[in-house]
Amino acid sequence: MSGLMSKLAAGLRAAFTWGPAALVLTLAGVAMAQNVGTQIYDNTNRKWVDYTPQVAARYYRIHGQAPEEFQRQVVQFRTAEKPGTIIIDGDRHFLYLVLPNFQAIRYGIGVGREGFGWAGIVKVGRKQEWPTWTPPKEMIERDPDSAKWANGMPGGPDNPLGARALYIYEGNRDTIYRIHGTNQPWSIGLNISSGCIRMNNDDVTDLYSRVEIGAKVIVLMQGAALYKGV
Amino acid sequence: MVRVFGAAVAFAILLTGAPVRAADMVIGLPAWPSAQVTAHIIAETLKDRYGLDAELQERGTMTLLAGVGRGEVQVHPEVWLPNLARQVDKLSNEDKVLKLNTAGVSATQNICATKATVEQTGVKAVADLLKPEIAAQFDSDGDGKGEIWIGAPTWSSTEIEKIRAHSYGYDKTMTLLEMPEDIAMAAVDAASSLGRPIVFYCYGPHHVFQLHDIVMLEEPAYDPARWTIVHRADSNDWLEQSNADTAWDASSFHVAYAASLSEQRPEVASFLSAIALNAKDITAMSYAVEVEDKPADVVAREWIAGNKDRIGEWTK
């Protein structure tokens, strides 16, 4: 199995299964959440393999990093968007930071367990190093252990928000969504967060250092059904 | 100096009662780059050649045309046909308050894909989207149907694209997406970067044709006998009563202006009727604003500086 896993690379695709639709947030239109799983291509056996949390954790344990496709890299990216703009493709688990000369830095991301849940044009409203994490009420009800952090867990390597957080605003309003680091770096490429965009700590630190407050953030339609019914 | 008025500013002035000297003319400023540059070219020329102070108002097309009808707006820099044919016909021929510049810019409206999409999926024609095996290759949400962007919700073309999808029948195999253009174009950029298939409504002149290797999908030539457009506002059953299963008619866009100018400011009416931009001009404007990130008024001044002879011809 480890041999197979070491050959996993060179391509990704999403395999989709429907989850319960839920209206999460309306930005540019009606947004419906959904489940979107990931597959990665096994070059040796020439077939797509489900990239499940178990597979991802095993891969990370062996290699100490996510598959190549999810690693930070400069890619050609011809766009009319200005350098400094962030484009989030939740379907493909990529976040692009637009660079000059039709290039972009592409980072691997993890997204919400029911998909990102919305699409639209927003901006970076605030940035924070080693952010404090406060578990939501629902999580405290579900997991009593998290109650000890009801007033906020200080930033640090065990903090689920990781090393940096970019707070997503719509106009001057905090959307409650963040692009943040993680204490589970193996989860990049998966849909297991609570709806935010998670990156490994090196990547989110790199992104943080490059992005200005006010930067435009375009969240692509995830599983395009986001716009059904509009 | 050309004044630009957005809705918020105008509203604030209404509230505060701050005195504002009325401009000589009001020019509409629609929300796409070539129209904005053209509006600034017209405003600058009115100032330079005729000493007229123009106010630019950011409004949607339907609001601007209604403003022409009320005598509140004198110029719309870019009115698209056949998209607005019904409204233009009413304002021009029935109400006689609007005139259209005859030297319009030829335009295109199609369903497009990247070249890589055509090579990967085998899609060549719009009708191919009816084939489930083709449509499924554009499926990004696992429901078995593909996805296609058909335009922004407020565009006049979007309603017609819905009719076209229904008439061809690919509204059964594809999910029709409406969203702002920035999101749709970023999706094209991302798909192109990854080599992923994507199909979308496209119009030209547009900078997307400079950014990416774009292919227009084939379809039967425009046939007026197969185009019946019933607007949503006119009938609850508009989709079933409409039909449009051929290519768009030859499209064009024109400077539109208040018919009253012919009597009140004939020299201005003469200038507006003589404006003759071409597709190359429009593409360059769109590219300069969207890709090179230049403000529309700067692009306009640069264009004027490089086209003094043409401005001279138009203002004779």
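Since the structure is predicted, the reported quantities are computational estimates derived from the model, not experimental observations.
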**Message:** Heavy-atom pairs under 4.5 Å with chain A: which of B/His212, B/Met185, B/Glu292 has the most?
**Reply:**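 Counting heavy-atom pairs under 4.5 Å, the top option is B/His212.
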
**Prompt:** Looking at B/Gly195, B/Ala190, B/Ser192, which has the largest count of heavy-atom pairs under 4.5 Å with chain A?
**Reply:**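 Most heavy-atom pairs within the cutoff with chain A belong to B/Ala190.
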
**Item:** Under 4.5 Å from a heavy atom of chain A, the part of B/Gln210 involved
**Value:**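 Just its backbone gets close to chain A.
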
**Prompt:** Under a 4.5 Å heavy-atom cut-off, does chain A meet the side chain of B/Asp182, its backbone, both or neither?
**Reply:**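 Both the backbone and the side chain of B/Asp182 come within 4.5 Å of chain A.
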
On a heavy-atom basis, which atom in [X] and which in [Y] lie closest, and how many Å separate them?
X	Y	answer
A/Gln76	B/Ser193	O-OG, 2.8 Å
B/Pro180	A/Ile121	CB-CD1, 4.4 Å
B/Ala186	A/Leu220	CB-CD2, 3.7 Å
A/Gly120	B/Ile183	CA-CD1, 3.6 Å

**Prompt:** Got A/Phe77 and B/Leu194 here, is their nearest side-chain heavy-atom distance under 4.5 Å?
**Reply:**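 Side chain of A/Phe77 against side chain of B/Leu194, heavy atoms only: no contact under 4.5 Å found.
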
**Request:** Would you give the length of the straight line joining atom CD1 of A/Ile218 to atom CG of B/Asp189, rounded to the nearest 0.5 angstrom?
**Result:**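 Answer for the CD1-CG pair, A/Ile218 versus B/Asp189, is 8.0 Å.
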
**Message:** Tell me whether the count of non-hydrogen atoms from other residues, nucleotides or ligands lying under 6.0 Å of CG in A/Asn172 goes above 12.
**Reply:**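 Counting other residues, nucleotides and ligands, CG of A/Asn172 stays at 12 neighbours or fewer.
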
**Asked** Within a reach of under 6.0 Å around CD of B/Glu133, are more than 12 heavy atoms found that belong to other residues, nucleotides or ligands?
**Response**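 It does: B/Glu133 CD has more than 12 such atoms within range.
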
**Prompt:** If you check every heavy atom in residues 115-130 of chain B against those of chain A, which residues fall under 4.5 Å?
**Reply:**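 Contacts with chain A: none.
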
**Request:** Go through B/Arg196 and A/Arg92 one step at a time and tell me if the side chain to side chain contact (heavy atoms under 4.5 Å, CB included) criterion holds.
**Result:** CA-CA 10 Å; B/Arg196 299 280 312 173; A/Arg92 303 289 144 206; 3.1 Å; yes

**Request:** Could you list the residues that satisfy side chain to side chain donor-acceptor pair (under 3.5 Å) with B/Tyr168, not counting sequence neighbours?
**Result:**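 Counting only residues at least two positions away or on another chain, B/Tyr168 forms a side chain to side chain donor-acceptor pair (under 3.5 Å) with B/Glu219.
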
**Message:** Between A/Arg78 and B/Leu211 (side chain of the first, backbone of the second, donor and acceptor by atom type, cut-off under 3.5 Å), is there such a pair?
**Reply:**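 Yes, the answer is positive, given that a donor and an acceptor are paired below the 3.5 Å cut-off.
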
